[in-house]
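Naming convention: chains lettered A, B, ... in sequence-line order (proteins, then strands); numbering from 1 in each chain. On a predicted model such as this, the values are computed, not experimentally measured, just so you know. No hydrogens, no waters, no symmetry mates; every other heavy atom, side chains included, goes into these values.
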There are 2 protein chains.
Amino acid sequence: MANIQEVAKQAGVSIATVSRVLNNTSKVSEKTRFKVEKAIQELNYAPSMLGRNLRNSESRLLLVLIHTFSNPYYTEIITGIEDYAIENNYNILLCETDDNLQREDIFLNMVRNKLADGIISMNPTVHVDKLKELANSHSIVLCSDYYEDADIPYIAIDNTIAAYRAVKYLITMGNNKIGLINFNENLLYAKQRRIGFENALNEFQLPICDEWIHHSDGLTFQDGVEAMRRMLRSKNRPTAVFAISDTLAIGALKELHAQGIKVPQEMAIIGFDNIAFSSMTTPTLTTVSQPKYQMGYRSAKMVIDHIQGLTIENVIMDYELIIRESTLE
Amino acid sequence: MANIQEVAKQAGVSIATVSRVLNNTSKVSEKTRFKVEKAIQELNYAPSMLGRNLRNSESRLLLVLIHTFSNPYYTEIITGIEDYAIENNYNILLCETDDNLQREDIFLNMVRNKLADGIISMNPTVHVDKLKELANSHSIVLCSDYYEDADIPYIAIDNTIAAYRAVKYLITMGNNKIGLINFNENLLYAKQRRIGFENALNEFQLPICDEWIHHSDGLTFQDGVEAMRRMLRSKNRPTAVFAISDTLAIGALKELHAQGIKVPQEMAIIGFDNIAFSSMTTPTLTTVSQPKYQMGYRSAKMVIDHIQGLTIENVIMDYELIIRESTLE
DNA sequence: ATGAAAGCGCTAACAC
DNA sequence: GTGTTAGCGCTTTCAT
């Protein structure tokens, strides 16, 4: 592939002029521009990003850290990120860390290495200390989960209140035995949603029963199936269950169906995230919807603003309760 | 962030020596190595990929082109690609083209631009001529859909036979009125699956009825809902439907449920792809499973082999019929 | 074993 | 309006 030298030679001009034509950065005479463009055509030339980036010391690449592609929660957020990024001439590098510290290191190093200009992390299991240190000198934004007191800018919803509202809704629907399917509570959002859950029960003086609280090892459908299976082992069952993610809720729904337990008549289920599948289940799933696209879009804006030296502030977004069949009587 | 100069200065050696320590490329005395490593530590130095890549004229980045993140079909393939890539010191750049020619151009240019070393395209709507031309001088592999006579290496299953087997299975289950929900037949795989569908019907001398063949505009659940809705407008209904993707099949299932039509008793449904959600629906979905992880893994191997100058050959993978509730009586 | 220097492809400051 | 040139951070050849 031709380089700028060859184009210059072919057009009979200097490389500076070629660069000017390429970047439209100062006046070039019609005639010269024409010659250069002709040469570019003939040589099928495209400028090397590598050279350009090295010179400009920027890559216009954003790293997006996620735990695993298979979690459908991310898809809409990523679309939002990508839209803003593309609009602003950035591209995104989607990085799956998969709980692998080594892989994580590779990605974090890419921004120290100048291969990427900033990071949007949606990966709460990331090595916090490293991220914190990196955030001192680089542009990092956390999306949808964050760390308290870590001083890394974030965008998220108020999980405590959202969970509180969801559970309160279950209560107002007449449920007074309410269970929880949670994930690893080291994650802030999981902890917060549990607190919201407890706040609601406390407010209505309902029991918080350990038998009705189960933790899953992961966030796949199958994890939800297993959590519900464990919950159903006890004869004393809740009449409603709040699952911390739609994937878990959908798995739970499946297990209830397998055991012939009617939803919502015998047990109501509410999820969290409003993933696309949640309206395709039988019954359809009541859930808490985060403005995922907007969260992605704005987190991209945040990180790009930060790269360009602006100061940015944490953002708390609104959520919405989407009521569907799994909680209606 | 420090650069190689500063490290050299701090260690009291030349930049060449630092580079040698970094890359372990020739003998360096213990003492010098130690000094350099100390300086690297102190300055918290990490080499710039940009400089390195420019020098080596490689980026060790692979582009993965997909149509949209929201299609769950891709997730497992991408995991396979990523595993092989990481094992071989490559990273992947996941690119969503979204039918946008301009966006597509950006991505294709990245490989001409030396920002990426190769492309795995799973995006059948990509501008074929451009891709073909690019494939002459760069490393490109098509995964799961391909172009006939385009001479671009690919990995895929035999869609015609897979579809044939799926439909034949419906026939042997006693169905003789079989419908099809297809997608845009400009896509090779859609065309091939239709041919397989017709081959099976022809073999058993069953009618191919236009009323029972519907095309959707997209591959979302909603598209499946709408396709089934259209099919149900005619009184004369098929007793089984082959949907070209699980997403469409799941949408169809949803619409059948909404209209109170029992699956599989009144209508059997079979999908294609075995996405994770297909075992979570009610009823669970019979489907054709492609070895998605392996297809990803091997396509990454193919493109990296090609980058490294090896000759590569097209690969046809096996598929598997996964029988679940949506076709059982 | 180590250093000096060229050069990867590009942009921008400076000179004309 | 256009050309010359330095330099972005690195690797590698050639000396020593």
A:N24 CG to D:dG1 C1', in whole Å, measures 14 Å

Just by distance, no angles: are the side chains of B:Y73 and B:Q290 close enough, under 3.5 Å, to form a donor-acceptor pair? yes

- Donor on one side chain, acceptor on other, B:D98 and B:N100, under 3.5 Å: no

Exercise. Does the side chain of B:E96 come under 3.5 Å of the side chain of B:Y74 through a donor N or O and an acceptor N or O?
Worked result: no

note: A:K9, atom NZ; D:dT2, atom P; distance rounded to Å ~ 21 Å

Contact check, side chains of B:L93 and B:F107, non-hydrogen atoms, under 4.5 Å:
no

Here the distance between atom P of D:dG1 and atom NZ of A:K35, to the nearest Å, is 14 Å

Nucleotide by nucleotide, nucleotides 6-11 of chain C touches protein heavy atoms under 4.0 Å in the pattern (B base, S sugar-phosphate only, - none) BBBBBB

If each end axis of the helix from C:dA1-D:dT16 to C:dC16-D:dG1 is fitted on five C1' pair positions, the angle between them, to 10 degrees, is 40°

Rounded to whole Å, the CG-P distance (B:N53 to D:dT11) equals 10 Å

note: A:R60, atom CZ; D:dC8, atom P; distance rounded to Å ~ 21 Å

**Message:** Any side-chain N or O of B:T25 below 4.0 angstrom from OP1/OP2 of D:dT11?
**Reply:** no

Below the 4.0 Å mark, does D:dG3 have OP1 or OP2 next to a side-chain nitrogen or oxygen of A:T17?
yes

Across all chains, not counting sequence neighbours, the side chain to side chain donor-acceptor pair (under 3.5 Å) partners of B:K132 are none

Count the heavy atoms of every other residue, nucleotide or ligand shown that sit under 6.0 Å from CG of A:D151, and state whether that count exceeds 12. no

* So does A:D145 pair up with A:K191, basic N to acidic O under 4.0 Å? -> no

**Prompt:** Using a distance-only test with no angle check, is there a side-chain donor-acceptor pair under 3.5 angstrom linking B:D117 and B:S59?
**Reply:** yes

